[in-house]
Number of protein chains: 4
Amino acid sequence: MPKIGMEPLRRSSLIDAAIQEVGRVGSLDVTVSQIAKRAGVSSALAHHYFGSKDQILLSALRHILTLYAVEVRRELAAVRQPDQRLGAIIRASFASPNFEPAIITAWLNFYVQARKSPEAARLLAIYQRRLRSNLLVGLHPLLGDDAPTVADGLAALIDGLYIRQVTAPGAPNPQTACAIAQAYLTASLKAAA
Amino acid sequence: MPKIGMEPLRRSSLIDAAIQEVGRVGSLDVTVSQIAKRAGVSSALAHHYFGSKDQILLSALRHILTLYAVEVRRELAAVRQPDQRLGAIIRASFASPNFEPAIITAWLNFYVQARKSPEAARLLAIYQRRLRSNLLVGLHPLLGDDAPTVADGLAALIDGLYIRQVTAPGAPNPQTACAIAQAYLTASLKAAA
Amino acid sequence: MPKIGMEPLRRSSLIDAAIQEVGRVGSLDVTVSQIAKRAGVSSALAHHYFGSKDQILLSALRHILTLYAVEVRRELAAVRQPDQRLGAIIRASFASPNFEPAIITAWLNFYVQARKSPEAARLLAIYQRRLRSNLLVGLHPLLGDDAPTVADGLAALIDGLYIRQVTAPGAPNPQTACAIAQAYLTASLKAAA
Amino acid sequence: MPKIGMEPLRRSSLIDAAIQEVGRVGSLDVTVSQIAKRAGVSSALAHHYFGSKDQILLSALRHILTLYAVEVRRELAAVRQPDQRLGAIIRASFASPNFEPAIITAWLNFYVQARKSPEAARLLAIYQRRLRSNLLVGLHPLLGDDAPTVADGLAALIDGLYIRQVTAPGAPNPQTACAIAQAYLTASLKAAA
DNA sequence: AATGAATGAGGATTCATTCAT
DNA sequence: GATGAATGAATCCTCATTCAT
């Protein structure tokens, strides 16, 4: 068993396991043992690699944010025209890897964790700033001074549609959710014109 | 000391204390002792009145939902014209008692709790249905078959604006948040026309 | 069982149990459970009253130092002539309550603990200062400037005789140990004359 | 890498590391990893060479006792007259290699370990017997039947002066400590005369 | 009605030790 | 010879909950 170079594999599978467990249990009240067992290792090993439960959860948060960032980058890379950037960002937010219930549940819980852990708060703030900035880049040429307000609205709408996937029974499916956000954008632009 | 009719007072102050503690700590990881201490009683008494910690938290959730329902009713009662119902509902969602950070934080945490506790899920589902139904009553005359989609969007936007108060640094203030939601409504109606 | 006013009784029996366990095991590697079990309570209760294992051990240290101080005071109170003070102090150091193996072992371990815990170091320093000061009060009229050196020697001799009770097989018994210390004093005075 | 004859070097550096760590931490609560890291090897290697943590500590104890024995032999070898043997033994006890804080702290802790480990107790007993015997050889010609008592006193005084280096703030420096022990000897002889 | 006393169950964390390479 | 990988067995500590008064 003990091969060399196990660390990255273990870290990765523990992070995955943490996200899945948070998704399964529905809260951050998961034990290190549960996470470790799902990853197929002992809880001692989890501590060996991460130092503490908090670090495991923080790494999981970082991973989730990375997944999201990857999706955004992928969608933006495919864009040819500047005015399609906004659509790309919206699509990224509803793309499948980020939109699984476990991931959404984890995300929801990390909103909570950010109220306790400064480091989690810092990471989420980075995400928030980046999203806002991305939206503004797309909105400013079209709306001028009205851009910030629409950006705030769009960000809130995306957030709301996102977490309602797991908090509101009968929430719209991903495609519909995406369409609602796109419609918000279209309507806001039309209203401003 | 043993006064008559202490029970409702005790229950009420314990519920308030629970909400404040959840708001202060930022998560449901509050101990019964913390809640009891804030309410000025022993933790044994908290159990005496509520039976368990879960029941305390559920009662707090019920209380929060009631506060919201009261606000909605108050706003709707002031409405004269049917087409002003939607504005009333939106206003209610951003009215001050519901919009304090402690309450929002508690609300956010109850979204989490609903993933673990069927009873909490049931209560939240009632709230979601009522909100949706209220919105549909106002939207249907104006939008026909498009009403459900706009209702979903509006509900999501309200939710998003709400939780971003505590999860997004630099989120719009209550008035602006309310204005954004109203603008969404206006724009959606205009776009449909 | 649950009567009122249990706290002082529990604290006292836990402290006794801690000293006995340290004496039995021979080191500070005693578990809170062992201490609690000997005191006839749960380990949770030990934590309830003391907050942490360190606090239990520190309280035990305080108790030991108090026992010693009591003995010194008792012997000094019985003294009529100033020049008998030194003999009283020496006697106190070898008096029976302080001279049980468990107590000596605990004392030895607290010397160790003082190298880790500032609070333990502080308490031991107080004991050292008080002993030195007591010795100097008696020695100064007799030896003048030579008093400090003899005081240091006497303190060291007492310490050495004390811990050798548990570290040197075949160490002199309490009476002999006491006589050795008294002889040291006599010889030092004679040598100075 | 695999060099021939690494074993004695590894063992030696691990023993040194163990003593230094015990001195640094102040107790035997040092981990094998800490010791191994200080010695620049993996903890697995430490086990490979010593078998267990206890064996590492026992070897360190043996090493300390050897250092002391070497010092005694050196001082005795330099002695010309039988009546100078006692002075030589006293000097050896306060000679620099044995008198570093880390060594003294380790020594103090080994007194503790002897209460748990029979093997440690055995080693310390050998040291105690040898010291006593050495002292008696020098004292008997001078004191006859009084020799054992003075030997016990001198041994206790040396022990006391020794450990007070690390347990009593403001303890006499090595030279003064040595002088105190010599003075004890002189005074005892004079008193007996 | 109210509480101090008490505990069982459980969780994070540490660490000596083993093993495959 | 040397080590990274891995774990079982503790141990401290917390907390919801119960109970006698």
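Given the structure is predicted, the values throughout are model-derived calculations rather than measurements.
- Remark: side-chain polar atoms of D:Ser117 are not paired, donor with acceptor, to backbone N or O of D:Gln113 under 3.5 angstrom.
- The side chain of C:His47 sits closest to F:dC12 out of E:dA1, F:dC12, F:dG4.
- Taking atom CG of residue C:Leu14 and atom C1' of nucleotide E:dT7, one finds them 14 Å apart after rounding to whole Å.
- When each of A:Ala44 and B:Ala44 is assigned the nucleotide of DNA chain F with its nearest heavy atom, A:Ala44 is the one assigned upstream, toward the 5' end.
- Contact check for A:Val32 versus A:Phe50: no side-chain heavy atoms found under the 4.5 Å cut-off.
- Heavy-atom nearest nucleotides on DNA chain E were determined for B:Ser43 and for A:Ser52, and the one closer to the 5' end corresponds to B:Ser43.
- Following rounding to the nearest Å, C:Leu45 (CG) and F:dT18 (P) show an atom-to-atom distance of 18 Å.
- Among E:dT3, E:dA6, E:dT7, the nucleotide with an atom closest to any side-chain atom of C:Ser42 is E:dT7.
- Distance, D:Leu57 CG to E:dC15 C1': 14 Å, rounded to whole Å.
- B:Lys53 places no side-chain N or O within donor-acceptor distance of the main-chain N or O of B:His47, the cut-off being under 3.5 Å.
- Across the protein-nucleic acid pair, D:Phe50 atom CZ and E:dT18 atom P stand 16 Å apart, rounded to whole Å.
- Side-chain atoms of D:Met6 lie closest to F:dG1 of the nucleotides F:dG1, F:dA6, E:dG4.
- Checked by atom type and distance alone, the side chain of B:Glu21 never pairs as donor or acceptor with a backbone atom of B:Ala18 at under 3.5 Å.
- Closest to the side chain of C:Lys53, from the set E:dG4, F:dC13, F:dT17, is F:dC13.
- The side chain of B:Tyr49 has E:dA2 as its nearest neighbour among E:dA2, E:dT7, F:dA2.
- In this structure, C:Lys37 places its NZ atom 17 Å from C1' of F:dC12, rounding to the nearest Å.
- Using modelled atom types, no side-chain atom of A:Arg115 and backbone atom of B:Ser27 make a donor-acceptor pair closer than 3.5 Å.
- Between the CD1 atom of B:Ile56 and the C1' atom of F:dC15 there is a distance of 13 Å, rounded to whole Å.
- Between the side chain of C:Ser13 and the backbone N or O of C:Arg10, at least one donor-acceptor pair lies under 3.5 Å.
- Nucleotide E:dC15 holds its P atom 12 Å from the CD atom of D:Glu21, rounded to whole Å.
- The CG atom of D:Asp54 sits 13 Å away from the C1' atom of E:dC15 (whole-angstrom rounding).
- Across all non-hydrogen atoms, the minimal contact from C:Arg11 to C:Ser59 is NH2-OG, 4.3 Å.
- Listed by first residue number, the stems of DNA chain E with at least three Watson-Crick or G-U pairs below 3.5 Å are E:2-21 with F:2-21.
- Less than 4.0 Å separates DNA chain E from at least one heavy atom of each of the following residues of residues 22-33 of chain D: D:Val30, D:Thr31, D:Val32.
- Side chain of C:Ser12 to main chain of C:Pro8: no donor-acceptor pair is present (N/O by atom type, distance under 3.5 Å, no hydrogens or angles).
- OP1 or OP2 of E:dA6 sits under 4.0 Å from a side-chain N or O of C:Arg10.
- In the set E:dA1, E:dT13, F:dA16, E:dA1 carries the atom at the smallest distance from any side-chain atom of B:His48.
- Panel note: side chain C:Gln55, backbone C:Ser52; no donor-acceptor pair is recorded below 3.5 Å.
- Nucleotides of DNA chain E nearest to C:Glu7 and D:Gln34 differ in position, and the one nearer the 5' end is that of C:Glu7.
- Closest approach of A:Asn109 to A:Gly26, counting heavy atoms only: ND2-O, 3.2 Å.
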